[in-house]
Amino acid sequence: MDVATNLEKIKTDILEACQKANRNPEEITIIGVTKYVTIERTEEAIDAGITNLGENRLEGFQEKFNHFQDRANWHFIGTLQSRKVKDLIDKVDAIHSLDRISLAKEIDKRAIEPIDCFVQVNVSGEASKHGVDPKEVVSFIKDVERYPNVRIIGLMTMAPHIEDESQLREIFKNLSLLRDKVKSEQYKHAPCNYLSMGMSNDYKIAIEEGATHIRIGSKLVGRE
């Protein structure tokens with residue numbers, strides 16, 4: 001199915017979820033995750049009106065960035081090795097996977113100007129997932145204050161790929177509560193206004209629980 005048709009279905013889902021949660025659909029940013037698709041399919045997404053693209057591997061990001069440049073806002077959503085920061089730092093609009101102080105230090109060192117970052121939080125506690133322990137998020141964010149080129153605009157999590165709606169809802173709700181706690185501290189370097197959570201299988205639930213940025217791959221551009 002073409003991307004434009006997929007996007008209209010997603011927008012309908014967003015509207016329904018926002019109505020259910022008494023939210024404004026304009027609060028929701030769709031990040032088109034293009035890691036599994038070609039340049040041509042990515043072009044189709046941009047032509048359909050997707051202005052935010054997400055990649056989770058440096059090589060994939062570089063290929064897409066070199067082709068499209070500033071035709072999109074770029075989000076790096078995968079685990080980021082410190083040694084690779086230099087290769088993407090001033091090209092991305094946001095990094096969704098800040099999960100350790102050594103990475104914050106490298107971002108600060110390499111960035112020309114402050115970079116928007118989401119702190120990745122391992123809400124589900126899965127051993128296979130990266131992210132800061134929820135109990136350590138506040139102290140982690142306090143520690144990041146020493147790196148002026150790191151601006152924490154929100155929190156991110158990856159929920160397990162499960163069908164249990166109540167479990168998914170609890171994970172998203174816990175991240176939302178944690179975001180509210182950080183936001184209430186009014187850190188100058190960490191306004192923490194946003195929540196990056198929800199993917200193709202669970203974005204409607206994530207929106208109902210407060211997501212502002214949803215990362216949609218297969219439901220939008222498919223897998224090739």
Report task. Could you list all the side chain to side chain donor-acceptor pair (under 3.5 Å) pairs where at least one residue sits in residues 5-15, not counting sequence neighbours? Result -> Asp2-Thr5, Lys9-Asp13, Asp13-Tyr203
Requested in this report: List in chain and number order the residues that pass side-chain contact (heavy atoms from CB on, under 4.5 Å) with Glu113, two or more places apart in sequence or in another chain; answer none if no residue qualifies.
Outcome: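 Partners of Glu113 by the side-chain contact (heavy atoms from CB on, under 4.5 Å) criterion come out as none, since no residue qualifies.
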Query raised in the report: Under the side-chain contact (heavy atoms from CB on, under 4.5 Å) test, which residues partner Asn122, sequence neighbours left out?
Result: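 Partners of Asn122 under the side-chain contact (heavy atoms from CB on, under 4.5 Å) test: Ser124, Lys129.
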Which pairs of donor and acceptor atoms, one on a side chain in residues 94-101, lie under 3.5 Å apart (sequence neighbours left out)?
residue : atom : partner : partner atom : Å
His96   : ND1  : Ser196  : OG           : 2.9
His96   : NE2  : His75   : ND1          : 2.9
Ser97   : OG   : Gly78   : O            : 2.5
Arg100  : NH1  : Leu80   : O            : 3.4
Arg100  : NH2  : Leu80   : O            : 2.6

Is there a donor-acceptor pair under 3.5 Å between the side chain of [X] and the backbone N or O of [Y]?
X	Y	answer
Arg179	Asn193	yes
Asp90	Ile112	yes
Arg41	Val221	yes
Asn149	Ala111	yes
Asp202	Met199	yes

Does [X] come within less than 4.0 Å of [Y], counting only side-chain N to carboxylate O?
X	Y	value
Glu208	Arg169	yes
Glu170	Lys173	no
Lys142	Glu136	no
Lys188	Glu145	no
Asp47	Arg71	yes

Query raised in the report: In terms of heavy-atom contacts, does NZ of Lys84 have more than 12 from other residues, nucleotides or ligands at under 6.0 Å?
Result: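 Result for NZ/Lys84: enclosed.
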Query - Exceeds 12 heavy-atom contacts within 6.0 angstrom, atom OH of Tyr194 - result: no
Requested in this report: I would like to know whether Ile31 and Ile214 meet side chain to side chain contact (heavy atoms under 4.5 Å, CB included); could you show each step before the answer?
Outcome: CA-CA 6 Å; Ile31 299 171; Ile214 54 175; over 6 Å; no
Query - Inter-residue atom distance Ile216.CD1 - Leu7.CG, 0.5 Å rounding - result: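 If I round to the nearest 0.5 Å, the distance is 10.5 Å.
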Could you check if a side-chain atom of [X] sits within less than 4.5 angstrom of a side-chain atom of [Y], using non-hydrogen atoms only?
X	Y	result
Ile153	Cys192	no
Val150	Ile115	no
Val137	Ile141	yes

Requested in this report: Taking ring-ring contact (aromatic ring centres under 6.0 Å, His included) as the test, write out the residues that go with Tyr187, two or more places apart.
Outcome: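 Residues passing ring-ring contact (aromatic ring centres under 6.0 Å, His included) with Tyr187: His189.
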Report task. Over 60° means perpendicular and under 30° means parallel, so classify the ring planes of Trp74 and Phe68, tilted if in between. Result -> tilted
Query - Stepwise salt bridge (charged side-chain N to carboxylate O under 4.0 Å, His left out) check, Lys35 with Glu59 - result: CA-CA 10 Å; Lys35 62 182 179 179; Glu59 296 74 15; over 6 Å; no
Scan the side chains in residues 16-26 for donor-acceptor partners under 3.5 Å anywhere in the protein, sequence neighbours excluded, and list what turns up.
residue : atom : partner : partner atom : Å
Arg23   : NE   : Glu27   : OE1          : 3.1
Arg23   : NH1  : Ile207  : O            : 2.8
Arg23   : NH1  : Ala211  : O            : 2.8
Arg23   : NH2  : Glu27   : OE1          : 2.9
Arg23   : NH2  : Ala211  : O            : 3.0
Asn24   : OD1  : Glu26   : N            : 2.9

Query raised in the report: Would you say Met156 and Phe76 are hydrophobically clustered, going by side-chain heavy atoms of ILVMFWY under 4.5 Å?
Result: no
